[in-house]
Each structure stands twice: as structure tokens, then as C-alpha cells.
Amino acid sequence: MSLPHAILTALLEKPSSGLELTRRFDRSIGYFWSATHQQIYRELGRLEGDGLIRSLPSEKPARGRRKEYEVLPAGREELARWAAERQDPRTVRDPLLLRLRAAAVVGGVGLEDELRRHLELHRAQLAEYDAIERRDFPPAPDRPREDRLRHIVLRAGIELETFWTTWLTGALDELAGAPDQAGTAP
């Protein structure tokens, strides 16, 4: 149910066409709530059908124009309702963790290479988040609440990537000192 709310959030920040919205997802919301372009376009149609958004009138001819959407009062009310509701934390569902558990049963040839690959991916994402923080959130004690909330979301991403890089480094260290599948040291 969160994709419509992610779209409402993005449209309240800035009315956009579907194409602009998918590009913005790729650069911001997509870091923590991903969606394909098709999912976004499909959801825009649903939101418009439900009376939560509308396409803005265009000065260009209808053929070949991009629809730009804005949130209607009902959409703002729905987003406020959803943002205020209680929600329990979700269980982590990461295929890598399941693959590690499976490797404990069937063996894990090449597992360390995959862990190293994940480590590099998480390091790269952490570097990107750090760069965004330096660029968009320099120290400023009088920052508006909206910017503080956006920074809090970014900090969550930074902390998660820090966790993954620390955990993966520890996992690789642990496996480097463990006996191999035949029961002998590497």
C-alpha cells in the first residue's frame, strides 16, 4: 500500500509528469522505496481514478504531451492519514541472508565472492549517501523542519549502509577463519 503514498509525497513536493516522477524516484525516493516505471504509471492512473490526484491542464496540444499531475485535497488527506497511522516494524527480507542460511545446509561455493560483491555495492551506496549529505545538508542549526525530516531519512540510509558494510566485513572475516566444507582450515 505504500507506493501510492510515495507517489503522493513526491507529487506534493513538486507536481510532475509520469516521466519526471520516475526520474525523481530513481534519484531520491527510490533509494528506500523502489518501483518500476510501469508500476508508477499504473499507480498514477489508480490515484487519478480514485480522485486523489488530477492531471493539470496543458497549453500544448493533447497529442504527444506529457500529463503533469498534482495532488487534490483528498490525496493530501489520505497521505496525512497514512503518515499518522501506527505501523509495526517489518521483518527483514533479504535474499542474501536466506542464501547464507541455505549455504549452511548445502554448502556455499563462491559465497565469499558474493559477500565481497555485496560489500562493494554497499560501500558505493554509502559513499553516494555521504556525498548527498555533504551537498544537501551542511550543518545549519536553523534548518526548517521539512529539511530536518528529509535529513533524518537520509541518515537512516547512511546508518543502514554502515551496518551492512560493517556486517559484511565481519562475515568475511569470520568465514576466512572458519574451516572449509571438508572440515580443514583454508
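Because the structure is predicted, anything quoted here is derived from the model rather than measured.
With contacts defined as side-chain heavy-atom distances shorter than 4.5 Å, the pair Leu11/Leu44 qualifies. Side-chain contact check for Ser2 versus Trp82: some heavy-atom pair is nearer than 4.5 Å. Contact annotation: the side chain of Ser55 approaches that of Glu48 to within less than 4.5 Å [non-hydrogen atoms, C-beta and beyond]. Counting heavy atoms from C-beta outward, Leu79 and Leu12 have side chains that approach closer than 4.5 Å. At a threshold of 4.5 Å between non-hydrogen side-chain atoms, the residues Arg101 and Leu97 do not count as touching. Counting heavy atoms from C-beta on, the side chains of Asp147 and Arg150 come closer than 4.5 Å. Phe137 has its side chain within reach of Leu154: a pair of non-hydrogen atoms, C-beta onward, lies under 4.5 Å apart. Looking at heavy atoms from C-beta onward, Phe25 lies in side-chain contact with Leu3 at the 4.5 angstrom threshold.
Rounding to the nearest 0.5 Å gives a distance of 10.5 Å between CD1 of Ile132 and CZ of Arg27. Within the model, atoms CH2 of Trp33 and NE2 of His5 stand 10.5 Å from one another, a figure rounded to the nearest 0.5 Å. Considering OG1 of Thr169 and NE2 of His122, their distance stands at 11.0 Å, rounded to 0.5 Å. To the nearest 0.5 Å, atom CD of residue Glu43 and atom CD1 of residue Ile7 are 5.0 Å apart. The NZ atom of Lys67 lies 14.0 Å from the CG atom of Leu21; values are rounded to the nearest 0.5 Å.
A donor-acceptor contact shorter than 3.5 Å links the side chain of Arg24 to the backbone of Lys14. Of the possible polar contacts, one joining the Arg116 side chain to the Glu112 backbone as a donor-acceptor pair under 3.5 Å is found. Panel note: side chain Asp94, backbone Leu96; a donor-acceptor pair is recorded below 3.5 Å. Looking at Thr165, its side chain does come within 3.5 Å of a backbone N or O of Thr162 through a donor-acceptor pair. In this structure a side-chain-to-backbone donor-acceptor pair under 3.5 Å is missing from Glu161 to Ile158.
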- Item | Worked verdict on Glu68 versus Ser16 for side-chain hydrogen bond (donor to acceptor under 3.5 Å, both in side chains) | CA-CA 5 Å; Glu68 190 166 284; Ser16 303; over 6 Å; no
- Go through the steps to decide whether Leu100 and Leu115 satisfy the test side chain to side chain contact (heavy atoms under 4.5 Å, CB included), and finish with yes or no. CA-CA 10 Å; Leu100 289 172; Leu115 292 174; 4.1 Å; yes
- Where do Tyr31 and Gln125 land on the side chain to side chain contact (heavy atoms under 4.5 Å, CB included) test, with the steps shown first? CA-CA 9 Å; Tyr31 286 128; Gln125 189 63 64; 3.5 Å; yes
- Query: Run the side chain to side chain contact (heavy atoms under 4.5 Å, CB included) check on Glu13 and Thr9 step by step: do they pass?
  - Reply: CA-CA 6 Å; Glu13 289 174 341; Thr9 298; 4.1 Å; yes
- Task: List the steps, then state whether side chain to side chain contact (heavy atoms under 4.5 Å, CB included) holds for Tyr69 with Ser17.
- Result: CA-CA 6 Å; Tyr69 296 91; Ser17 69; 5.8 Å; no
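Taking the six-membered ring where the residue is Trp, Phe163 and Trp167 present parallel rings, their angle staying beneath 30° rather than reaching 60°.
With respect to Glu70 and Arg54, a salt bridge is recorded, a charged nitrogen being found less than 4.0 Å from a carboxylate O. Taking the charged nitrogens against the carboxylate oxygens, Glu20 and Arg23 have no contact shorter than 4.0 Å, which rules out a salt bridge. Of the charged side-chain nitrogens involved, at least one lies within less than 4.0 Å of a carboxylate oxygen, so that Glu78 and Arg81 count as a salt-bridged pair. Here Glu159 pairs with Arg155 in a salt bridge; the nearest charged N to carboxylate O distance falls below 4.0 Å.
Sorted pairs that involve residues 40-59 and meet ring pair (Phe, Tyr, Trp, His ring centres under 6.0 Å), not counting sequence neighbours, are lacking altogether.
For Arg99, the side chain to side chain donor-acceptor pair (under 3.5 Å) criterion is met by Glu114, not counting sequence neighbours.
For Arg135, the CZ atom is densely surrounded, since the number of other residues' heavy atoms within 6.0 Å is greater than 12. Within a 6.0 Å sphere centred on CZ of Arg76, other residues, nucleotides and ligands contribute 12 heavy atoms or fewer.
Nearest heavy-atom pair across Ala74 and Gly51 is CB-O, 3.8 Å. Summarising the geometry of Pro15 relative to Leu56, their closest heavy-atom pair is CB-CD1, 4.3 Å, with the distance given to 0.1 Å. In this structure, Asp136 and Pro138 approach most closely via the heavy-atom pair C-CD, 3.4 Å.
The cluster map of Ile, Leu, Val, Met, Phe, Trp and Tyr, joined by side-chain heavy atoms under 4.5 Å apart, puts Ile29 and Leu160 in different clusters. Taken together through direct or relayed side-chain contacts under 4.5 Å among Ile, Leu, Val, Met, Phe, Trp and Tyr, Leu47 and Leu72 form parts of separate hydrophobic clusters.
Grouped by direct or indirect side-chain proximity (heavy atoms under 4.5 Å, Ile/Leu/Val/Met/Phe/Trp/Tyr only), Leu121 sits alone.
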